[in-house]
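Counting convention: from 1, in listed order, for ligands and their atoms alike.
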Amino acid sequence: MSTQVKITRVTTATVRDMKKKGEKISMLTAYDYPTAAAMDEAGIDLILVGDSLGMVVLGYDSTLPVTMEDMIHHTKAVTRAVNRAMVIGDMPFMSYQVSVEEAVRNAGRFMQEAGAHGVKLEGGREVAEVTRRIAQAGIPVMAHIGLTPQSVHQLGGYKVQGKDHPSAMKLLEDAKILEDAGAFSIVLECVPAPLAEKITASLSMSTIGIGGGVHCDGQVLVVHDMLGLFERFTPKFVKKYTNLNVQIKGAVTQYIDEVKKGTFPGPEHSF
Ligand code: KIV
């Protein structure tokens with residue numbers, strides 16, 4: 001008799017339920033097969049194939065150059081690896097801003113071609129109609145407000161948002177508008193913790209914080225940040241759980257040394 005354990009996929013219903021039960025939601029980004037497989041085996045709830053890909057994997061200065069083709073390619077690698085987590089594809093810059101029709105078609109590509117289970121898009125009330133139409137097409141939508149990196153030039157840099165009363169109220173209203181438009185969850189990036197707490201309490205959908213404090217329903221980090229693989233800069237909200245950059249350099253230095261000395265390969269690695 002097989003002893004295989006049946007794995008239950010995390011869905012929008014699971015995410016909703018977790019909020020109701022006060023169970024925290026864990027989310028990380030992933031962009032490739034082995035990282036996604038390890039995360040899924042470790043029990044992560046949600047995996048975001050973030051357009052942060054552009055900065056932490058492809059070496060761009062911002063997320064703006066990332067294309068739909070880049071995102072589809074990497075989302076496919078992640079969905080091939082994952083059995084339990086819900087995989088969210090991040091809609092890149094200009095894939096949902098030009099027209100609602102284009103947005104729905106591009107969201108559909110994440111589901112149909114890449115096997116994602118939902119999409120994320122940045123923005124407040126200005127993307128409410130797009131959110132509504134994608135959700136009406138049967139595609140789960142995760143919203144994203146606060147610091148929205150695709151608007152970095154308009155925001156004037158990577159800064160905390162909602163610090164004064166009017167901008168805090170606007171974020172609170174935007175979150176409600178996006179919930180009413182059909183989003184199932186929302187990322188709150190770089191907003192003061194008391195504001196994130198207030199937004200979280202005002203919504204039925206789950207909030208996922210990144211620089212939003214501990215009272216969000218869940219947390220997300222960019223995996224290269226938390227593993228110490230991205231050294232260019234480290235935002236205040238990042239906790240480094242390990243330092244893979246140091247470990248990689250150590251292993252590579254040892255390899256170079258052994259190749260130069262002729263101690264690798266040994267007889268056990270030879271035929
Ligand atoms: O692209 C990304 O990784 C993101 C997260 C920071 C939420 O949008």
Asker: Where do Lys176 and Glu179 land on the salt bridge (Lys or Arg N to Asp or Glu O under 4.0 Å) test, with the steps shown first?
Answerer: CA-CA 5 Å; Lys176 195 68 200 136; Glu179 174 165 77; 2.8 Å; yes

Asker: Starting from the C-alpha separation in whole Å, work towards a yes-or-no answer on salt bridge (Lys or Arg N to Asp or Glu O under 4.0 Å) for Arg132 and Glu129.
Answerer: CA-CA 5 Å; Arg132 187 183 324 279; Glu129 186 51 23; 3.4 Å; yes

Asker: Whether Asp61 and Arg232 form a salt bridge (side-chain N of Lys/Arg under 4.0 Å from carboxylate O of Asp/Glu) is what I want to check.
Answerer: yes

Asker: Under the ring-ring contact (aromatic ring centres under 6.0 Å, His included) rule, what do Phe93 and Tyr96 come out as? Steps first, then yes or no, please.
Answerer: CA-CA 7 Å; Phe93 183 55; Tyr96 58 94; 8.5 Å; no

Asker: Look at Asp40 together with Arg84 and state whether they make a salt bridge at an N to O cut-off of under 4.0 Å.
Answerer: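 Not counted as a salt bridge, because no side-chain N and carboxylate O are separated by less than 4.0 Å.
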
Asker: With a cut-off of 4.0 Å, which atoms of ligand 1 are near a heavy atom of His144?
Answerer: 8 (O)

Asker: Could you identify the single nearest non-hydrogen protein atom to atom 3 (O) of ligand 1 and state the distance to 0.1 Å?
Answerer: Ser52 OG, 2.5 Å

Asker: Which option wins on minimum heavy-atom distance to atom 5 (C) of ligand 1: Val220, Val49, Leu48, Leu221?
Answerer: Leu48

Asker: Is Lys76 salt-bridged to Glu113, cutoff N-O under 4.0 Å?
Answerer: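 Salt bridge between Lys76 and Glu113, a charged N being under 4.0 Å from a carboxylate O: no.
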
Asker: Go through ligand 1 atom by atom and flag the ones less than 4.0 Å from a non-hydrogen atom of Thr29.
Answerer: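 The list of qualifying atoms is 3 (O).
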
Asker: Under 4.0 Å from a heavy atom of Asp90: give me the atoms of ligand 1 that qualify, with their elements.
Answerer: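 Those qualifying, in numeric order: 1 (O), 2 (C), 8 (O).
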
Asker: Pull out every atom of ligand 1 sitting under 4.0 Å from any heavy atom of Ile210, numbered as shown with elements.
Answerer: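 In order of number, 6 (C).
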
Asker: Quick check on contacts: which atoms of ligand 1 are under 4.0 angstrom from a heavy atom of Gly50?
Answerer: 1 (O), 2 (C), 3 (O)

Asker: Can you sort out which atoms of ligand 1 are near Lys120, meaning under 4.0 Å from one of its heavy atoms?
Answerer: 8 (O)

